[in-house]
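In what follows, every heavy atom counts, from backbone to side chain, and hydrogens, waters and symmetry copies are set aside. Whatever order the structure lists ligands and atoms in, that order sets their numbers, starting from 1.
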Amino acid sequence: MELDGTIALITGSTSGIGRATAELMAAAGARVIITGRDLERGKAAARAISGTGADARFIAADLTDPESLRGLAGDAGEVDILVNNAAFLPTGLTTVQDMKSFDIALATNIRAPYFLTAALVPAMIAKGRGSIVNIGTMGARIGMPGVSAYSATKSALEALTRTWAAEFGPAGVRVNAVAPGPTRTEMVLASIGEETADRMDAGGPLDRLAAPADIAEVIVFLASDRARHINGTTIAVDGGRTAVYRNQSGNQLSSRST
Ligand SMILES: NC(=O)c1ccc[n+]([C@@H]2O[C@H](COP(=O)([O-])OP(=O)(O)OC[C@H]3O[C@@H](n4cnc5c(N)ncnc54)[C@H](OP(=O)(O)O)[C@@H]3O)[C@@H](O)[C@H]2O)c1
């Protein structure tokens with residue numbers, strides 16, 4: 001299998017896109033390290049993957065806590081694949097954004113991937129191979145009201161993707177990012193609710209909301225040798241939402257209406 005012999009650490013893999021990524025990577029032969037704060041669902045995710053005959057273990061960590069972050073890097077040991085996926089999404093217009101949530105977003109979405117990468121990449125460099133995939137968002141590409149702090153952190157992560165591609169690429173470590181559009185996960189349902197999510201099903205050029213596995217497939221591809229010549233790029237996995245203009249009532253001239 002294509003990820004045989006590799007160890008993959010996926011942050012935020014107790015649910016959503018992270019968990020789907022861990023499942024696909026395990027199915028492709030990687031030994032996966034699940035991480036998140038929630039002990040119960042972390043253990044359940046590792047158990048479910050181990051139950052398929054794959055190798056999975058759970059390390060509990062709170063990425064906003066520098067001590068916990070150091071513990072995670074130490075317990076994980078050498079990894080071949082790092083997916084910086086965990087994130088915090090504060091919502092609210094800029095004029096009402098509270099500073100506490102802003103700081104949690106900075107700590108979770110930038111500081112944690114930055115220092116986790118700094119801790120784990122030296123072993124990849126020493127081996128002369130490795131792959132890092134950062135998870136961004138379409139909100140880093142287009143202005144979306146109510147997610148200013150979140151989108152800013154994700155733009156920073158895209159910038160880090162390019163800088164790290166320059167810093168680590170010559171040593172054989174590729175760094176790329178995936179920018180998902182709306183995906184049916186806890187994070188989205190908690191912020192917009194089921195009803196809006198259902199409406200969004202028909203809101204994009206593909207007329208469907210992404211499933212976590214739709215995003216995970218691209219993450220696995222970027223982590224694998226199939227993407228061996230891709231470095232420093234961000235792939236939009238948003239069903240075309242950032243590429244296609246739609247007026248308020250949707251595209252009136254589409255192949256559906258002709
Ligand atoms: N869903 C979307 O529509 C969408 C769109 C664009 C981008 N994205 C991006 O995709 C990624 C995954 O999102 P998702 O929708 O799959 O989210 P999700 O289902 O809410 O999962 C978030 C994961 O992050 C972990 N996490 C959050 N804060 C943490 C912390 N302080 N320390 C450790 N772990 C933490 C959570 O684990 P615990 O709760 O166990 O700690 C959970 O496993 C994120 O980077 C998000 O920005 C999502």
| message | Main chain of Phe88, side chain of Asn109: is a donor-acceptor contact present, judged purely on distance under 3.5 Å? | response |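 Such a contact is found between Asn109 side chain and Phe88 backbone.
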
| Side-chain touch Arg37/Ser68, heavy atoms, less than 4.5 angstrom |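 Arg37 vs Ser68: side chains apart.
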
| field | Protein residues that have a heavy atom under 4.0 Å from any atom of ligand 1, sorted by chain and number | value |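 Around ligand 1, where the cutoff is 4.0 Å for heavy atoms, the contacting residues are Gly12, Ser13, Thr14, Ser15, Gly16, Ile17, Gly36, Arg37, Asp38, Arg41, Ala61, Asp62, Leu63, Thr64, Asn85, Ala86, Ala87, Ile135, Gly136, Thr137, Tyr150, Lys154, Pro180, Gly181, Pro182, Thr183, Thr185, Glu186, Met187, Val188.
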
| field | Pairs involving residues 17-28, ordered by first then second residue, that meet side-chain hydrogen bond (donor to acceptor under 3.5 Å, both in side chains) (sequence neighbours left out) | value |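 Non-adjacent pairs meeting side-chain hydrogen bond (donor to acceptor under 3.5 Å, both in side chains): Arg19-Glu23.
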
| Do other residues, nucleotides or ligands put more than 12 heavy atoms under 6.0 Å from Arg226 CZ? |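 Buried by this count: over 12 neighbours within 6.0 Å.
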
Below 3.5 Å, can you tabulate the donor-acceptor pairs from side chains in residues 101-108 to any protein atom, sequence neighbours excluded?
unit_1, atom_1, unit_2, atom_2, d
Ser101, OG, Asp98, OD1, 2.9
Ser101, OG, Asp98, OD2, 3.0
Thr108, OG1, Ile104, O, 2.7

Please tabulate, one pair per line, all N/O donor-acceptor pairs under 3.5 Å involving side-chain atoms of residues 164-171, not counting sequence neighbours.
none

